[in-house]
Amino acid sequence: MIHISFNDYVKYITQQITSYIDTPSDEKKTRRLKSKDEATAYSSKWLGVVPLY
């Protein structure tokens, strides 16, 4: 188990939030659309490989 101090955790979260805020909205939109396109199918995500007979 990795132990991170509270200050390091707050620093990391702050960096992530500021990088998200600084990202232009059109880039955020393209990332969202890309992740939706690459999303795995429900059957393989939750049920594993389901044979299609």
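Quick note: residue numbers are just sequence positions, from 1.
- Listed by chain and number, the residues in a side chain to side chain contact (heavy atoms under 4.5 Å, CB included) with Y9 are I4, I13 (sequence neighbours excluded).
- I17 and V10 end up in different hydrophobic clusters when Ile, Leu, Val, Met, Phe, Trp and Tyr side chains are linked at under 4.5 Å.
- Partners of S5 under the side-chain hydrogen bond (donor to acceptor under 3.5 Å, both in side chains) rule, at least two apart in sequence or in another chain, are D8.
- Note on residues 15-27: pairs passing side chain to side chain donor-acceptor pair (under 3.5 Å), not counting sequence neighbours, are E27-R31.
- Under a cut-off of 6.0 angstrom, the local environment of NZ in K28 is crowded, with over 12 non-hydrogen atoms contributed by other residues, nucleotides or ligands.
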